[in-house]
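Everything on this sheet refers to the single structure shown next.
Note that ligands are numbered from 1 as they come in the structure, with each ligand's atoms numbered from 1 the same way. Since the model is a prediction, treat every value here as computed from it, not as a measurement.
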Amino acid sequence: MTSLIHATAAELADLLSTGVVSSEEVTRAHLDQIADVDGEVHAYLYVDSDRALDTARQVDRKRQQGEQLGRLAGVPVGLKDAFTYMGAPTTCGSKILEGWYPPYNATVTQKLIDADMIILGKTNMDEFAMGSSTENSAYGPTCNPWDLHRIPGGSGGGSAAALASFQAPLTIGSDTGGSIRQPAAVTGTVGVKPTYGAASRYGLVAMASSLDQPGPCARNVMDAALLHEVICGHDPKDSTSINAEVPNVVAAAATKDVRGLKIGIVKELGGEGYEPEVLARFREAIDLLANAGAEIHEVSCPHFPAALGAYYLIMPSEVSSNLARFDAMRYGLRVGDDGSTSTEQVMRTTRGAGFGAEVKRRIILGTYALSSGYYDAYYGSAQKVRTLIIRDFTQAFETVDVLMSPTSPTTAFTIGERANDPIAMYKADLCTIPTNLAGNAAMSIPAGLGDNSMPVGVQIMAPPQGDDRLYRVGGALEALLQDKWGGPLLGTLAKEAR
Ligand code: GLN
């Protein structure tokens, strides 16, 4: 038997449902792994050991009593620290929320609980999900388990690194501009940004509300599908939640057939600025799909090169508004209140002390873009570009079923390399941002290694509510690649039993 930490979530689910192992054993194995390796990796901000074990025992009891349980019942999961979970601190990677215990559960959290999954703890992230390396966490960076000197991507670097170091079989992320997919790409894992509105944002600390989307992170496509099924679905508590049936992603992941499927390669997402080996792994993936019977077309999305610029106006504008709630009055940090200072002064001092540099940069940028004299020139123009990008996607999906590109232009860079160069950092999301602006669905899956032996990811994009197409193509491509490699990409690492 594969060791419990190296098993897939689907395998664990089978072992649990047939009574071969208990959830307590599975949970303990993961908690032991966290104790062994997280000192180095720093994927978790908070480990909820006692409650995880208690819940596991309760689930085992329910199973013994013959209760009908969900497929992932008893399977552990890590939760990005952007989601509220009663009884555990939610910091969103920021000092301003240090020690805050939320009085309610996010809908995603509640769905994990209702599915009898075991929440192991809260995973590290860039402060308020702003970043591509997890270096912006106020609690220190997460390291990439493939090479501890490199970044695990961001903002959800903790969720991705937990998977890649076998500290959880499944984790939850949130994706505003690529924070699920880019960490997946650079850690050799799978990450999915569902269609905007597919998973509820209720209880997800807001970064940019028109872009934020929770999604599943896993080590393979089927596991991601199983988690997708658990967390998605209509929620009246989120006014942008989709009120329609969730596409059958689990069936799609099992299809493993791309014959006749039309795949478009986005001309604008490649070329200059991309590492040659990233482009080479992408080409190889496309060739495998073509040999398996998919039709490959080159597609132009002429406005994609403007996506990064539009995103860095729209996102900070929403950030400046959303983060106004951290005012030292309602909850979180309060600094400088000695009884004689004015309310405004306390707010100023608290926000000055509680927010990191990147968060401040974006609040200032957004406030400027929204100011009356510049609104039309910046925010207004960016919204027009957003419409053009939506049109590019709509037109492309008239001729092809899915679009593909690399997930990120480069493999994992070293910690510190881009820390003082925000523009270089922003470029990590060149390929992922168009999808957030348009609100459609996208997935990253491992495509092999670069010359530096670091993972490369490829991205699959589908139209809104076409999430099942991601899983169909992703599942098929994963099987083709694993045939070639003789097993999962992370299998090699597993042998070293990190
Ligand atoms: N890296 C992007 C940013 O810094 C994406 C963040 C995200 O998806 N949360 O904005």
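Between Y202 and Y104, the gap from one ring centroid to the other is short of 6.0 Å. Note: Y471 and H228 meet the aromatic proximity criterion, with ring centroids under 6.0 Å apart.
Backbone and side-chain nitrogen or oxygen atoms of G154 are examined, and none is located within less than 3.5 angstrom of a nitrogen or oxygen of ligand 1. Between D175 and ligand 1, no N or O atom pair is found at a separation short of 3.5 Å.
With salt bridges taken as basic N to acidic carboxylate O contacts below 4.0 Å, one links D238 and R201. A salt bridge does not link R418 with D421: none of the charged nitrogens is closer than 4.0 Å to a carboxylate oxygen. The existence of a salt bridge linking K193 and D175 is excluded, since no basic side-chain nitrogen approaches an acidic carboxylate oxygen closer than 4.0 Å. Salt bridge E358/R362: present, at least one basic N to carboxylate O contact under 4.0 Å.
Not a single heavy atom of E358 sits under 4.0 Å from any atom of ligand 1. Between Y426 and ligand 1 there is no heavy-atom distance shorter than 4.0 Å.
Less than 4.0 angstrom separates some heavy atom of G177 from each of these atoms of ligand 1: 5 (C), 7 (C), 8 (O). Residue Y311 approaches ligand 1 through these ligand atoms, each under 4.0 Å from one of its heavy atoms: 2 (C), 3 (C), 5 (C), 6 (C), 10 (O). With ligand atoms numbered from 1 in the order given, ligand 1 contributes 9 (N), 10 (O) to contacts under 4.0 Å with heavy atoms of M207. The atoms of ligand 1 that sit less than 4.0 Å from any heavy atom of G131 are 1 (N), 2 (C), 3 (C), 4 (O). Heavy-atom proximity to M130, at under 4.0 Å, picks out these atoms of ligand 1: 4 (O). Against a heavy-atom cut-off of under 4.0 Å, S179 is close to the following atoms of ligand 1: 5 (C), 6 (C), 7 (C), 8 (O), 9 (N). Of all atoms in ligand 1, listed by their number and element, those nearer than 4.0 Å to a heavy atom of D429 are 1 (N), 2 (C), 5 (C). Ligand 1 places these atoms under 4.0 Å from at least one heavy atom of S155: 9 (N).
Without hydrogens or angle criteria, D467 side chain to T195 main chain gives a donor-acceptor distance under 3.5 Å.
Compare M315, K80, R362 by their heavy atoms: the one nearest to atom 4 (O) of ligand 1 is in R362.
At a threshold of 4.5 Å between non-hydrogen side-chain atoms, the residues R330 and R325 count as touching.
With a 4.0 Å heavy-atom cut-off, ligand 1 is reached by no atom of F128.
Within a 6.0 Å sphere centred on OH of Y374, other residues, nucleotides and ligands contribute 12 heavy atoms or fewer.
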